[in-house]
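Worth saying up front: this structure is predicted, and the values here are computed from it rather than measured. One-based numbering along the sequence shown.
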Amino acid sequence: MKRPHVFISYVPADRRAALALHSALLDRGVSPWMDIQDLLLELAAEHGEEEAILKALAAAELVLALISESANTPSIALAGDRGGAEAGG
């Protein structure tokens, strides 16, 4: 049976919660993608950071965005306005 592919989006302040979510999804047979867990593997395959994130986002069947007080600050919102996919930083 194919494991659903889930992209986890979060801000650095929520990294612990994102890691807990990543582990919980793995335990339930889901294939989560999280930059801190998977980006180094992508970079090792000679993809740039932005390209690796966009590739994972495009392949995802579902995107989980962790929204918290940390993610709701003006500086975070402005960083997301650059036009690219933001995941964890």
Side-chain angles (χ1 to χ4, degrees):
M1 177 182 224
K2 183 181 171 223
R3 295 170 59 145
H5 183 77
V6 177
F7 184 95
I8 301 173
S9 178
Y10 66 100
V11 296
D14 294 331
R15 184 167 284 134
R16 270 192 199 180
L19 285 167
L21 177 60
H22 186 275
S23 292
L25 291 170
L26 278 175
D27 290 345
R28 287 164 179 80
V30 174
S31 179
W33 192 95
M34 184 178 163
D35 63 341
I36 196 168
Q37 296 289 68
D38 302 289
L39 188 55
L40 290 178
L41 296 174
E42 296 285 333
L43 291 175
E46 298 185 25
H47 297 297
E49 181 177 347
E50 186 174 333
E51 181 182 345
I53 291 171
L54 290 173
K55 180 180 170 187
L57 186 56
E61 297 170 60
L62 180 69
V63 175
L64 293 178
L66 295 180
I67 307 297
S68 70
E69 288 293 320
S70 299
N72 198 22
T73 62
S75 62
I76 298 297
L78 291 175
D81 287 340
R82 290 184 279 171
E86 295 292 318

Q. Of V63, L25, L57, I53, which is the lone residue that meets side chain to side chain contact (heavy atoms under 4.5 Å, CB included) with W33?
A. I53

Q) To the nearest 0.5 Å, how far apart are CG in D14 and CZ in R16? A) 11.5 Å

Q) What residues, two or more places apart in sequence or in another chain, satisfy side-chain contact (heavy atoms from CB on, under 4.5 Å) together with L62? A) V6, L64

Q. Rounded to the nearest 0.5 Å, how far does CD1 of I67 lie from OG of S9?
A. 7.0 Å

Q. Can you tell me how far CE of M34 sits from CZ of F7, rounded to the nearest 0.5 angstrom?
A. 10.5 Å

Q: State which residues pass side-chain contact (heavy atoms from CB on, under 4.5 Å) with A17; sequence neighbours excluded, sorted by chain then number.
A: L66

